[in-house]
Participant: 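Here's a structure for you.
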Amino acid sequence: MQYNQKDYEMPHAKAWCPGCGNFGLFRSLREALAELEIPPQHLVMVSGIGQAAKLPQYTHAHMFNTLHGRALPAAMAIKAVNPEMTVIVNSGDGCIYGEGGNHFLAQIQRNSDIVNIVHNNMVYGLTKGQASPTSLKGIKTKVHPEGVFNEPFNPLAVAIAMGATFVARVYQGNREQTKNVFKEAIQHRGYSLVDCFVECVAMNKVNTTEWYREHTYKLEESHNIHDRTEAFKRSIEVDPYPTGIFYKEEGKPVFWEQCTAYRDSKEPLYQRMLDHKRLRELIATFK
Amino acid sequence: MQYNQKDYEMPHAKAWCPGCGNFGLFRSLREALAELEIPPQHLVMVSGIGQAAKLPQYTHAHMFNTLHGRALPAAMAIKAVNPEMTVIVNSGDGCIYGEGGNHFLAQIQRNSDIVNIVHNNMVYGLTKGQASPTSLKGIKTKVHPEGVFNEPFNPLAVAIAMGATFVARVYQGNREQTKNVFKEAIQHRGYSLVDCFVECVAMNKVNTTEWYREHTYKLEESHNIHDRTEAFKRSIEVDPYPTGIFYKEEGKPVFWEQCTAYRDSKEPLYQRMLDHKRLRELIATFK
Amino acid sequence: MNDISLIICGAAGQGIQTVEQMLVSILKMAGYHGFSTKEYESRVRGGSNSTELRISDHRVNAFVDRIDVLIPFDERAISHLKNRITEETLIIADQGTIQNEGSKDVIGLPFRLKAEEVGSRLYTNVVAIGTVVGLFRADISQGEYLLEKKFSPKGKDIVEENKEALRVGYEMGKRLREEMNLDFNLHPTPAVKEEMLINGNEAIALGAMAGGCNFISSYPMSPSTGVLEFLASHARQFGILVDQAEDEIAAINKAAAAWFAGARAIVSTSGGGFDLMTEGLSLVGMTETPLVIHLAQRPGPATGLPTRTAQEDLSLAIHAGHGEFCRLIYAPGTIQQAFELTRKAFNIADRYQIPVFILSDQYFVDSYYNIPMIEIDDNSVEYSFVRTGEGYKRYRLTENGLSPRGIPGYGDGLIRVDSDEHDEWGHITEDLEELRPAMVEKRVQKRRRLLEGVLELPTVYPEARENYAVCWGSNYHVVKEAVDILKNPDLAMMHFHQVYPLHKDVVKMVGQAEKVMIFENNATGQFSDLLSLHTGRQIPYSQRFLSYSGAPLSVEKVITALQQEGF
Amino acid sequence: MNDISLIICGAAGQGIQTVEQMLVSILKMAGYHGFSTKEYESRVRGGSNSTELRISDHRVNAFVDRIDVLIPFDERAISHLKNRITEETLIIADQGTIQNEGSKDVIGLPFRLKAEEVGSRLYTNVVAIGTVVGLFRADISQGEYLLEKKFSPKGKDIVEENKEALRVGYEMGKRLREEMNLDFNLHPTPAVKEEMLINGNEAIALGAMAGGCNFISSYPMSPSTGVLEFLASHARQFGILVDQAEDEIAAINKAAAAWFAGARAIVSTSGGGFDLMTEGLSLVGMTETPLVIHLAQRPGPATGLPTRTAQEDLSLAIHAGHGEFCRLIYAPGTIQQAFELTRKAFNIADRYQIPVFILSDQYFVDSYYNIPMIEIDDNSVEYSFVRTGEGYKRYRLTENGLSPRGIPGYGDGLIRVDSDEHDEWGHITEDLEELRPAMVEKRVQKRRRLLEGVLELPTVYPEARENYAVCWGSNYHVVKEAVDILKNPDLAMMHFHQVYPLHKDVVKMVGQAEKVMIFENNATGQFSDLLSLHTGRQIPYSQRFLSYSGAPLSVEKVITALQQEGF
Ligand SMILES: Cc1ncc(C[n+]2csc(CCOP(=O)(O)OP(=O)(O)O)c2C)c(N)n1
Ligand SMILES: Cc1ncc(C[n+]2csc(CCOP(=O)(O)OP(=O)(O)O)c2C)c(N)n1
Ligand code: SF4
Ligand code: SF4
Ligand SMILES: [Mg+2]
Ligand SMILES: [Mg+2]
């Protein structure tokens with residue numbers, strides 16, 4: 001079946017500010033989905049809480065809008081229980097790298113076969129402008145009137161250090177690159193991290209469209225996406241920030257297929273019924 | 001004043017198993033403390049919960065034995081509130097990298113001036129042998145009867161990726177190296193991570209003394225501890241695992257000194273009294 | 001009319017908050033009593049938000065459904081408020097923004113046109129502010145002063161144009177008042193000018209400072225973030241250590257450790273964030289570490305309605321954290337209580353080595369009104385820690401159950417604190433026969449033995465009577481105003497600002513009442529249950545007025561409920 | 001004596017557990033009713049741990065203080081149990097290990113010597129096992145069979161030496177019995193051999209499997225880990241997806257999402273871990289996602305006594321999670337109940353789309369006894385999800401308040417689930433006037449409207465009488481045995497296996513009682529409060545027997561308490 005990006009859009013009005021970078025990101029994602037012809041009935045959109053996390057609300061697909069920070073464990077479980085689904089997590093930098101930091105680490109260790117698009121606007125948008133883990137040093141907020149001084153979180157470097165199998169960064173304003181990286185991420189088997197720079201026009205007056213244009217550049221074609229140390233080196237480059245796919249490892253087994261539950265059957269769990277005979281046999285061993 | 005390692009030991013019997021690697025680690029730590037002549041009254045030992053986390057119980061010093069996974073936030077606050085104290089965190093691999101993973105990330109971002117010794121026995125000791133984040137693939141446990149398949153957590157690589165300022169690994173059986181690295185960590189200003197291989201003789205039958213001896217070697221003298229990419233490269237080396245100081249960055253400001261509260265005074269908070277006059281002035285602005 | 005309810009409604013991002021802040025300030029300086037409260041959606045731009053301003057010649061501090069004057073900033077405002085707009089509502093809108101403008105219902109005034117004439121459409125809001133000031137014939141000079149303060153960094157011209165816009169609006173307002181013959185007969189009270197204008201969040205934060213608070217670690221979460229931001233903005237002058245924590249778990253563990261190390265710490269959070277803190281709360285209980293917790297309620301479960309109001313987390317606050325230990329919960333009903341109880345919370349937490357809660361809600365923290373200037377005396381902070389000597393035992397078993405609390409580095413003692421069950425030195429123990437029961441009793445009996453002197457009685461207003469409209473926390477003024485209006489000689493309000501544990505005399509007070517009706521913003525009657533359990537007087541569902549829409553309870557709803565039940 | 005309490009006590013690592021497991025199994029296969037329960041320290045080696053074995057010719061399933069026979073593995077065992085050792089206690093120790101051996105109190109037998117003679121000191125425990133079997137003149141063949149099963153991987157010689165050690169011990173035991181003229185007059189019941197021997201953990205895990213459980217995500221925590229490990233060990237045969245989660249927060253969020261995606265999930269945890277799950281619980285409440293939670297209690301607060309027992313988290317389980325929603329809490333009192341209620345929990349969770357708790361404790365999960373074989377029928381799992389069509393609304397407002405639940409991929413509908421307040425489609429809403437109240441009522445009223453048919457009455461034993469010894473959860477057998485022993489014609493037990501919400505007829509049952517006395521393992525009387533609130537009958541502290549030492553309540557303590565209060 002042929003799909004159009006509109007097939008993935010809900011009719012509801014979006015609660016984002018005019019000019020918000022999330023619009024562009026969403027558009028690229030819909031295009032990627034359409035080009036990959038993923039039926040909405042096979043697509044589960046998962047998110048935490050934040051402005052970014054509203055995206056599944058607007059996506060015509062299954063949706064599990066969880067708690068702030070908790071999108072990844074939910075997504076992992078959904079994929080593990082129902083592996084026929086394409087599972088995509090959209091949430092903010094605060095949600096995934098802040099509140100949800102421990103799950104970020106755990107998902108990489110598991111290599112869950114899910115896509116994780118992080119709307120990195122370097123700020124807490126929904127709660128009105130506090131610093132996020134990726135906020136740059138010196139930025140002033142109401143909680144940091146003298147400026148942020150924590151070392152900014154570097155998601156790419158951490159993911160590469162943890163052994164992630166697909167690590168990319170894009171800026172949503174580069175629509176073609178964004179769409180293509182999303183497509184590759186969806187097609188990749190394993191945990192795919194796409195850190196996506198987006199503007200928060202309302203709360204972040206530093207990292208604007210101009211800023212992103214000026215402070216990013218595309219990784220050269222020649223960049224070897226299979227060299228982990230090289231990928232690490234590129235990931236710690238700042239200002240300008242490279243975009244594109246930094247690292248990719250194919251063929252590493254994914255979480256669900258390694259689970260004992262799939263040793264003898266590949267059926268989603270809801271299609272299986274309890275084997276009462278076996279259970280009676282097990283009970284009998286307690287004699 | 002001269003100190004002996006015994007000055008840091010409480011009279012209580014230790015609840016560790018005979019042969020447990022924690023004994024050797026503890027001994028090296030006491031020696032390091034004695035050589036640095038740190039008065040017990042200026043030493044705060046912090047831990048979470050686990051076998052490793054019992055260490056502060058046995059240390060003659062101030063102690064805050066917190067919850068499983070929560071040693072780091074506690075330690076950060078103690079140092080920030082009372083910067084005259086030397087603050088050392090001893091806890092297990094499960095405690096720091098598992099339950100406490102998000103705090104591990106956050107402490108590195110803050111560069112809190114604390115020492116973090118992780119007793120890495122690659123297992124959950126106290127709860128009797130489940131896999132920890134650092135457990136090697138293939139190890140069988142009651143929860144993983146077919147073997148662990150998660151990618152082992154690589155604390156050094158993650159710390160280096162996050163911009164940590166002191167990153168080291170030791171094996172407790174190398175007593176001299178262990179003591180010396182502990183000393184350097186304590187003297188380092190900033191967050192010092194020392195991942196310390198220890199045996200769990202009761203629960204981990206794979207990573208034994210022999211295993212550690214065979215699967216570790218010391219980083220060459222020539223290793224450049226100031227080259228981050230090089231440090232990363234060495235940190236992802238496995239089998240044999242290098243030991244020693246991987247990376248060090250001097251001069252980076254530490255958390256407490258960057259806090260606004262210390263802009264005009266360096267006194268510990270408990271020594272300061274509320275300025276009532278100022279508060280009245282502030283209240284007056286609400287008129 | 002000497003009590004006007006004026007509502008400004010528009011989309012997020014249209015500057016409603018600036019209008020609110022300037023108007024309440026101008027009207028206060030004109031000698032009018034004022035109250036304002038806002039309701040808003042969980043978004044940064046768009047949608048429909050509104051602010052209710054009450055302007056009166058006597059104190060008014062409660063939300064009413066009634067709208068006397070409505071200033072809609074867009075078409076949607078009308079449908080957003082349709083259930084509250086009546087025949088009597090005067091609607092004043094910028095010409096051209098509202099469809100049925102021109103009908104007798106909506107008066108169009110050229111806000112934007114005039115703004116453009118003055119220099120830019122950016123002044124539209126200022127024209128509107130001027131109009132309201134003109135409607136009340138209030139003194140305009142405070143407005144000019146505020147504009148000057150706000151815009152002087154942008155240059156003299158901007159300041160002047162703003163002032164001009166204000167004046168233009170003022171004239172329009174005055175003219176309208178005359179044309180329509182509006183009877184806004186407010187008599188200014190000069191003393192009001194000497195009062196302070198403050199909201200719940202600010203009162204809590206100031207109270208914390210007066211209680212010696214010098215540490216806050218919290219994670220942003222509506223509606224609790226204001227306390228974090230307020231303390232952060234005064235961190236330098238008051239030496240407050242501020243950490244925006246990586247999550248709520250870290251926040252409470254940092255705060256607990258901060259007390260251990262000698263600070264006076266608070267955490268500020270809301271339901272979901274508080275859930276994550278509950279293991280840390282249990283740690284505080286076990287280690288007998290002081291702590292102050294600001295729990296600002298919003299409707300749940302889960303993400304619920306993040307920017308709305310509720311009183312759904314009382315039972316949670318009482319029972320959160322595994323195991324058993326003592327805690328104290330304040331739920332301030334007035335701004336003064338918010339200040340005073342938060343201050344006290346620090347001293348009690350320190351003295352009794354327990355967690356003390358300030359249980360507020362979105363309606364409470366976001367509401368402003370004028371109160372007489374808060375005064376603090378030089379003993380507002382009571383420090384309870386001791387200098388330790390050698391042989392110090394952190395958990396010494398004493399007569400009164402309190403063990404003097406030391407600080408690392410202050411004296412020669414070693415401060416040893418353990419989350420496991422422990423002996424007097426803080427060393428882990430498995431002695432089930434003596435130590436465990438003794439330590440359990442030490443922790444649990446603080447409630448019975450120690451808090452007795454600290455527990456407070458509810459406020460009875462205007463005096464003890466036969467029947468009671470009972471409420472707690474933020475419903476104070478709503479119920480009080482209803483009681484005032486009803487003027488029923490048998491009816492009084494009973495308001496609980498200290499909701500847990502309850503004072504023993506409450507048994508008698510409630511027991512003796514002829515009829516009671518409890519007002520709460522939740523669906524199960526959490527306080528009703530608590531009161532039933534404590535007093536032995538079962539309060540059936542018919543005597544519980546439960547509101548759980550996410551909107552604040554209104555004076556009108558309380559009146560109707562009381563009348564229907566024959567009060 | 002036809003009911004013997006035998007205790008084995010030694011350090012962790014000395015193999016007490018192997019002795020326990022072999023002995024109960026051998027004695028059961030000899031036709032004796034058995035019970036065993038252990039108490040242990042939070043360490044892997046050393047310290048003092050003990051196992052109580054009761055061997056009887058009738059069913060005995062409760063902890064008693066009395067020690068008839070003590071087998072101390074080291075000197076410390078004696079002081080560890082000093083308060084329970086009496087004149088009557090027969091102490092049998094390995095020769096040379098206990099100081100005051102030789103005195104009439106301690107009988108030394110050459111366990112180790114004999115073991116060495118047989119081949120190695122490693123057989124010492126087997127000699128001791130044999131001795132006990134000999135003491136009871138039980139059939140030794142089951143012991144031989146077990147040794148064979150256990151050691152055959154190590155070779156024939158080892159098996160034979162073990163068997164020889166067992167026989168040597170057996171002879172010593174028999175001889176001792178004759179020499180001392182012990183009257184252990186147990187009449188074996190052949191039917192016992194056909195029964196199963198099972199502990200609380202296993203019963204819960206098997207119950208989960210019978211309820212169709214095919215997903216568990218949990219983080220290790222004593223005493224709850226057994227369920228995780230049991231399910232993991234049968235993951236392959238039963239297609240159970242097992243994830244040892246990174247923390248408890250992840251565990252519950254994974255389990256909730258697993259139900260969403262079509263699994264039947266459980267989490268198993270204890271107090272501190274459960275605290276961390278409470279925000280996820282609230283998510284489950286909001287999204288109306290089914291969930292089964294095994295909460296195994298241990299003494300708190302904080303780390304407390306990690307390996308001990310308590311009933312301190314009932315109030316927490318009732319009130320945990322911010323906001324308001326419906327839940328159901330089972331607290332099994334017997335092994336049979338543990339199995340059956342856990343099975344049922346899955347079906348009820350699925351049907352009513354609510355969280356269902358199994359509230360156990362360390363004493364319960366670690367206690368073994370024999371019960372008739374559990375039977376399951378082919379309808380043990382009731383699946384309640386539906387195939388969806390286009391236009392499917394996850395939160396359709398229906399007559400009975402339940403919205404049919406779909407699964408992604410099963411049918412054409414889209415399953416849209418939101419933690420924010422939502423409309424029927426699951427889309428976020430800020431409609432405070434209609435949708436919010438409707439959705440709140442939908443969630444809260446499940447308790448009133450739906451659970452009515454599901455709620456169960458407490459067990460009254462032996463029959464309705466004037467006075468009641470009331471208990472809940474793991475105290476079933478302890479109180480029952482006390483009632484049996486007291487033989488007071490006015491006294492019965494009332495045991496609650498379903499503690500929340502309470503059945504409406506409980507009001508009458510408790511109201512009509514002449515006297516009640518409640519037994520709980522906590523310091524505040526959490527269930528007493530619950531019962532007071534529910535029934536309107538205030539249960540004063542004098543009628544609450546509260547035990548909070550961390551040790552299980554004993555039959556003797558219950559008897560003494562009842563006698564003292566004149567029951
Ligand atoms: C447990 C919890 N803590 C805090 C919040 C409040 N909260 C909601 S969204 C958010 C931050 C959003 O930032 P980010 O994830 O970067 O998303 P953005 O809005 O910037 O897209 C916070 C702190 C919450 N909902 N739950
Ligand atoms: C919130 C919480 N979850 C789980 C536990 C149980 N627990 C105690 S120690 C421990 C693991 C210990 O492993 P590690 O940190 O590696 O320390 P080790 O014992 O190996 O030294 C666990 C899971 C707990 N105490 N609290
Ligand atoms: S606040 Fe920022 S992130 Fe949120 S919608 Fe507006 S621009 Fe986008
Ligand atoms: S279980 Fe392992 S970590 Fe714990 S004390 Fe024994 S050897 Fe050490
Ligand atoms: Mg963001
Ligand atoms: Mg470990």
Side-chain angles (χ1 to χ4, degrees), chain B residues 10 12 15 40-44 46 49 54 56-57 60-67 69-82 84-85 102-103 105-106 109-110 255-256 259-265 267-276 278-280 282-284 286-287, chain C residues 193-198 202 206 209-210 212 214-215 217 232 234-243 245-247 249-251 253-258 260-265 279-280 283 287 373-374 376-378 380-381 385 407-410 412 414-420 426-428:
Chain B
M10 295 289 280
H12 304 82
Q41 279 75 9
H42 279 191
L43 176 62
V44 185
V46 183
I49 295 297
K54 289 177 180 166
Q57 297 272 349
H60 186 245
H62 302 290
M63 163 181 95
F64 194 21
N65 187 2
T66 70
L67 299 165
R70 314 307 167 195
L72 286 175
M76 174 233 126
I78 292 166
K79 182 72 186 184
V81 161
N82 210 335
E84 289 166 2
M85 296 289 123
N102 206 28
H103 314 306
L105 301 178
Q109 290 189 269
R110 280 164 180 70
F255 178 75
W256 71 264
C259 286
T260 307
Y262 289 98
R263 191 74 66 247
D264 304 317
S265 162
E267 275 183 345
L269 296 192
Y270 77 88
Q271 289 175 14
R272 309 184 190 184
M273 297 290 128
L274 173 64
D275 185 339
H276 284 85
R278 264 201 187 150
L279 185 56
R280 286 190 193 101
L282 174 60
I283 291 173
F286 283 80
K287 212 173 101 172
Chain C
K193 299 185 202 177
E194 302 307 314
E195 297 203 344
M196 64 197 289
L197 189 64
I198 175 172
E202 292 161 344
L206 281 176
M209 290 163 79
N214 55 13
F215 187 102
S217 52
H234 297 95
R236 179 139 185 197
Q237 302 96 296
F238 293 90
I240 301 170
L241 204 138
V242 179
D243 184 52
E246 59 270 31
D247 56 31
I249 301 173
N253 281 283
K254 287 173 184 180
F260 162 81
R264 291 170 82 86
E279 195 195 13
L283 173 70
T287 56
M373 291 301 294
I374 287 173
I376 46 167
D377 71 31
D378 285 341
S380 71
V381 193
F385 60 85
I407 304 291
Y410 185 53
D412 293 327
L414 294 179
I415 321 300
R416 295 178 61 79
V417 164
D418 194 355
S419 76
D420 293 274
H427 195 79
I428 193 169

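Residue numbers begin at 1 in each chain, while the letters A, B, ... track the order of the sequences.
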Participant: Identify which of C/Ile374, C/Asp378, C/Ile249, C/Ile407 forms the greatest number of heavy-atom pairs closer than 4.5 Å to chain B.
Facilitator: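 Highest number of pairs under 4.5 Å: C/Asp378.
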Participant: What are the two closest non-hydrogen atoms of C/Leu414 and B/Pro40, and how far apart are they?
Facilitator: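 That would be CD2-O, 3.8 Å.
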Participant: Who wins among C/Thr287, C/Asp420, C/Ile376 for the most heavy-atom pairs under 4.5 Å with chain B?
Facilitator: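 The residue among C/Thr287, C/Asp420, C/Ile376 with the greatest pair count is C/Ile376.
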Participant: Counting only non-hydrogen atoms closer than 4.5 Å, does C/Phe385 touch chain B with its backbone (N, CA, C, O), its side chain (CB onward), both, or neither?
Facilitator: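 C/Phe385 touches chain B through side-chain heavy atoms alone.
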Participant: Please round to the nearest 0.5 Å and tell me the distance separating atom CZ of B/Phe255 and atom CG of C/Leu241.
Facilitator: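 Atom-to-atom, B/Phe255:CZ and C/Leu241:CG are 5.5 Å apart.
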Participant: Would you compute the distance between atom CZ of B/Phe64 and atom CG of C/Asn253 and round it to the nearest 0.5 angstrom?
Facilitator: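 Answer for the CZ-CG pair, B/Phe64 versus C/Asn253, is 7.5 Å.
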Participant: In terms of heavy-atom pairs under 4.5 Å with chain B, which of C/Met373, C/Glu279, C/Glu195 leads?
Facilitator: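 Winner by heavy-atom pair count: C/Glu279.
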Participant: For a side chain to side chain contact (heavy atoms under 4.5 Å, CB included) check, start with the C-alpha distance between B/Ile78 and C/Phe260, then their side-chain angles and the critical distance, and finish with the verdict.
Facilitator: CA-CA 7 Å; B/Ile78 292 166; C/Phe260 162 81; 3.7 Å; yes
Participant: Between C/Ala245 and chain B, which part of the residue has a heavy atom less than 4.5 Å away: side chain, backbone, both or neither?
Facilitator: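 Just the backbone, heavy atoms under 4.5 Å.
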Participant: Against chain C, work out which of B/Leu67, B/Leu105, B/Leu269 has the most heavy-atom pairs shorter than 4.5 Å and name it.
Facilitator: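 Sorted descending by pairs with chain C, the first entry is B/Leu67.
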Participant: Among the options B/Met76, B/Glu84, B/Arg110, B/His60, pick out the one with the most heavy-atom pairs lying under 4.5 Å from chain C.
Facilitator: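 If we count pairs closer than 4.5 Å to chain C, B/Arg110 comes out on top.
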Participant: Does any heavy atom of chain C fall under 4.5 Å from the side chain of B/Ala80, the backbone, both, or neither of them?
Facilitator: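 For B/Ala80, the contact with chain C is made by backbone and side chain together.
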Participant: Among B/Met273, B/Lys54, B/His42, who wins on heavy-atom pairs under 4.5 Å with chain C?
Facilitator: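 The residue among B/Met273, B/Lys54, B/His42 with the greatest pair count is B/Met273.
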Participant: Quick check on the interface: out of C/Glu246, C/His427, C/Gln237, C/Glu194, who has the most heavy-atom pairs with chain B under 4.5 Å?
Facilitator: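 Result: the option with the highest number of such pairs is C/His427.
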Participant: Provide the closest heavy-atom pair for C/Asp412 versus B/Gln41 in the form atom of the first, atom of the second, distance.
Facilitator: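 In terms of heavy atoms, the two residues are closest at O-NE2, 3.0 Å.
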Participant: Minimum heavy-atom separation for C/Phe238 to B/Asp275, with atom names?
Facilitator: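 For C/Phe238 versus B/Asp275, the nearest heavy atoms are CE2-O, 4.0 Å.
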Participant: Please report the closest heavy-atom contact between C/Ala258 and B/Ala77, naming both atoms and the distance.
Facilitator: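 Closest pair (atom of C/Ala258, atom of B/Ala77, distance): N-CB, 4.0 Å.
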Participant: Is there a side-chain contact between C/Met196 and B/Ile283 (heavy atoms, below 4.5 Å)?
Facilitator: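 In contact.
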Participant: Taking the side chain as every heavy atom from C-beta outward, state whether B/Leu282 and C/His234 have any pair of such atoms under 4.5 Å apart.
Facilitator: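 B/Leu282 vs C/His234: side chains touch.
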Participant: At a heavy-atom distance under 4.5 Å, which candidate from C/Gly426, C/Ala255, C/Ser380 has the highest pair count against chain B?
Facilitator: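 Between C/Gly426, C/Ala255, C/Ser380, the count favours C/Ser380.
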Participant: For B/Met10, is it the side chain, the backbone, both, or neither that has a heavy atom closer than 4.5 Å to a heavy atom of chain C?
Facilitator: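 When you check distances to chain C, only side chain atoms of B/Met10 fall under 4.5 Å.
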Participant: Does B/Arg272 reach the main-chain N or O of C/Asn214 with its side chain, forming a donor-acceptor pair under 3.5 Å?
Facilitator: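 No, because the side chain of B/Arg272 does not come within donor-acceptor range (under 3.5 Å) of the backbone of C/Asn214.
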Participant: Pick from B/Leu274, B/Ile49, B/Val46: which one has the most heavy-atom pairs with chain C under 4.5 Å?
Facilitator: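 Most heavy-atom pairs within the cutoff with chain C belong to B/Leu274.
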Participant: Do C/Asp377 and B/Arg280 sit within salt-bridge range, that is, some charged N less than 4.0 Å from a carboxylate O?
Facilitator: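 Answer for the salt bridge query: no.
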Participant: So which part of B/Gln57 gets closer than 4.5 Å to some heavy atom of chain C, the side chain, the backbone, both or neither?
Facilitator: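 B/Gln57 touches chain C through backbone and side-chain heavy atoms alike.
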Participant: So which heavy atom on B/Val81 is nearest to which on C/Ala261, and how close?
Facilitator: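 So the two residues come closest at CG1-O, 3.6 Å.
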Participant: Could you tell me which portion of B/Leu43 (side chain, backbone, both or neither) has an atom closer than 4.5 angstrom to a non-hydrogen atom of chain C?
Facilitator: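 B/Leu43 has no heavy atom closer than 4.5 Å to chain C.
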Participant: Only pairs of heavy atoms separated by less than 4.5 Å count here; which of B/Glu267, B/His103, B/Gln271 has the most with chain C?
Facilitator: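 Among the listed options, the one with the most contacts to chain C is B/His103.
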Participant: Which heavy atom of B/Thr66 sits nearest a heavy atom of C/Ser419, and at what distance?
Facilitator: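 Scanning both residues, the minimum pair turns out to be O-OG, 2.9 Å.
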Participant: Among C/Ile198, C/Asp243, C/Leu206, who wins on heavy-atom pairs under 4.5 Å with chain B?
Facilitator: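 Of the candidates given, the most pairs with chain B belong to C/Asp243.
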Participant: Given a strict heavy-atom distance threshold of 4.5 Å, which part of B/Asn102 is in contact with chain C: side chain, backbone, both, or neither?
Facilitator: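 Both parts, heavy atoms under 4.5 Å.
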Participant: So which of B/Leu279, B/Thr260, B/Val44 has the biggest tally of heavy-atom pairs under 4.5 Å with chain C?
Facilitator: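 Result: the option with the highest number of such pairs is B/Leu279.
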Participant: Rounded to the nearest 0.5 Å, what separates atom CG in B/Asp264 from atom CZ in C/Arg236?
Facilitator: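 It is 4.0 Å, given to the nearest 0.5 Å.
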Participant: Please check this pair: side chain of B/His62 against backbone of C/Pro408, looking for a donor-acceptor N/O pair closer than 3.5 Å.
Facilitator: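 Side chain of B/His62 to backbone of C/Pro408, a donor-acceptor pair under 3.5 Å: no, none is there.
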